[in-house]
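Report on the following structure.
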There are 2 protein chains.
Amino acid sequence: MNKVKKYRKEKGLSQMELASKAGVTRQTITLIENNKYNPSLALCLKIAKALDSDLNTLFWEE
Amino acid sequence: MNKVKKYRKEKGLSQMELASKAGVTRQTITLIENNKYNPSLALCLKIAKALDSDLNTLFWEE
DNA sequence: TGAAATTGCAATATATATATTGCATAAAAA
DNA sequence: TTTTTATGCAATATATATATTGCAATTTCA
């Protein structure tokens, strides 16, 4: 569903690197990438900025 | 910060109407509009769709 | 006017996002 | 092959999003 994993890999980042750029744990990134739960807006914003991306690109669904 | 109140009013909806379109309580809408807490992604998506809008328009911040 | 609708907010209860630690597997690199 | 590095996932603890109910203050409209 969300495209975090895809964009993280395009940036050549590991889960750990993205987690520390976003200020969360790797576990949180794993769960979000695998759609195991429902991140908060604040976290979506941090991830989007860490990937030089935006909310619609990573999380919008039609 | 977020622009939910602004876009809700442009659509001529009350908090109650938006809440029921989005499937949450009015209290939740009130708190989000007043930046009292941090909605989940699933809720942001429901609100965006209920307002015929999108995540970046309502929630992105530079 | 006064009744009805709208909004802000308080208090409590519950569900769940996130942190933390740790282990197993697989892939990459030495 | 051995040693790192990357990823998935389990278990527990804590913080907080959301529901529910209800009330007070405005605002809207009959």
Side-chain angles (χ1 to χ4, degrees):
Chain A
M1 334 250 186
N2 76 63
K3 309 185 191 82
V4 173
K5 182 182 289 189
K6 178 185 172 211
Y7 280 83
R8 175 177 61 79
K9 294 206 160 174
E10 287 183 14
K11 285 267 169 184
L13 297 174
S14 68
Q15 288 183 343
M16 264 262 292
E17 290 167 325
L18 174 55
S20 68
K21 284 189 79 170
V24 294
T25 60
R26 185 177 66 82
Q27 168 74 323
T28 297
I29 300 296
T30 297
L31 291 170
I32 291 168
E33 286 190 350
N34 297 340
N35 294 288
K36 292 298 171 52
Y37 57 50
N38 183 18
S40 68
L41 173 61
L43 178 50
C44 294
L45 289 168
K46 287 188 215 165
I47 290 174
K49 287 171 183 169
L51 294 177
D52 298 310
S53 185
D54 59 81
L55 294 175
N56 283 350
T57 301
L58 295 175
F59 301 106
W60 185 251
E61 43 199 48
E62 291 310 323
Chain B
M1 332 246 188
N2 76 63
K3 309 185 191 82
V4 173
K5 182 182 289 189
K6 178 184 172 212
Y7 281 83
R8 174 177 61 77
K9 293 205 161 173
E10 287 183 14
K11 284 267 169 184
L13 297 174
S14 69
Q15 288 183 342
M16 265 261 293
E17 289 167 325
L18 174 55
S20 68
K21 284 189 79 171
V24 295
T25 59
R26 185 178 65 83
Q27 168 74 324
T28 297
I29 300 296
T30 297
L31 292 171
I32 291 168
E33 287 190 350
N34 297 339
N35 294 288
K36 293 296 172 51
Y37 58 48
N38 183 18
S40 68
L41 174 60
L43 178 49
C44 294
L45 289 168
K46 287 188 214 164
I47 291 174
K49 287 171 182 169
L51 293 177
D52 299 311
S53 185
D54 60 79
L55 294 175
N56 283 349
T57 300
L58 295 175
F59 300 108
W60 185 252
E61 42 199 48
E62 290 311 320

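Lettering follows sequence order; numbering is per chain, from 1.
The listed nucleotides are D:dG8, C:dA17, C:dT20; the one nearest the side chain of A:Glu33 is D:dG8. Set against D:dA11, C:dA11, D:dT7, the side chain of A:Gln27 has D:dA11 as its closest nucleotide. Here D:dT18 is the nucleotide among C:dT7, D:dT7, D:dT18 with the atom lying nearest to any side-chain atom of B:Leu31.
Clustering ILVMFWY residues whenever any of their side-chain heavy atoms sit less than 4.5 angstrom apart, transitively, puts B:Ile32 in a cluster other than the one holding B:Met16.
Under the 4.5 Å side-chain criterion, counting only non-hydrogen atoms from C-beta, B:Lys21 is not in contact with B:Ile47. Side-chain contact check for B:Asn56 versus A:Trp60: every heavy-atom pair is 4.5 Å or farther apart.
When rounded to the nearest whole Å, the span between CG of B:Asn35 and C1' of C:dG8 equals 14 Å. Atom CD1 in A:Ile47 sits roughly 12 Å away from atom C1' in C:dT18 (whole-Å rounding). In this structure, A:Lys36 atom NZ and D:dA11 atom P are separated by 13 Å, rounded to whole Å. Across the protein-nucleic acid pair, B:Met16 atom CE and C:dA4 atom C1' stand 12 Å apart, rounded to whole Å. When the P atom of C:dT6 is taken as reference, atom CD of B:Glu17 falls 6 Å away, rounded to whole Å. In this structure, NZ of B:Lys9 is placed 9 Å from C1' of C:dT7, rounded to the nearest angstrom. If you take CG of B:Asn34 and C1' of C:dT6, they are 13 Å apart, rounded to a whole angstrom. Rounding to whole angstrom units, CD1 of residue B:Ile29 and P of D:dT18 are separated by 10 Å.
For the OP1/OP2 pair of D:dC9 and a distance below 4.0 Å, the side-chain nitrogens and oxygens of A:Thr30 include no atom meeting the criterion. The shortest distance between the side-chain N/O atoms of B:Ser40 and the OP1/OP2 oxygens of D:dT18 is below 4.0 Å. Taking only side-chain nitrogens and oxygens, B:Thr25 comes nearer than 4.0 Å to OP1 or OP2 of D:dA19. B:Ser14 has no side-chain polar atom (N or O) that falls below the 4.0 Å cut-off from OP1 or OP2 of C:dA5. Contact annotation: A:Arg26 side-chain N/O to D:dT5 OP1/OP2 distance is not under 4.0 Å. Contact annotation: A:Lys5 reaches the phosphate of D:dG8 (side-chain N/O to OP1 or OP2, under 4.0 Å). Regarding contacts with the backbone of C:dG8, a side-chain N or O of B:Gln15 is found under 4.0 angstrom from either OP1 or OP2.
Note: A:Cys44 SG to B:Leu55 CG = 8.0 Å, rounded to the nearest 0.5 Å.
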Before giving the answer on side chain to side chain contact (heavy atoms under 4.5 Å, CB included), spell out for B:Asn2 and B:Leu58 the whole-Å C-alpha distance, their side-chain angles and the decisive distance to 0.1 Å.
CA-CA 6 Å; B:Asn2 76 63; B:Leu58 295 175; 6.0 Å; no
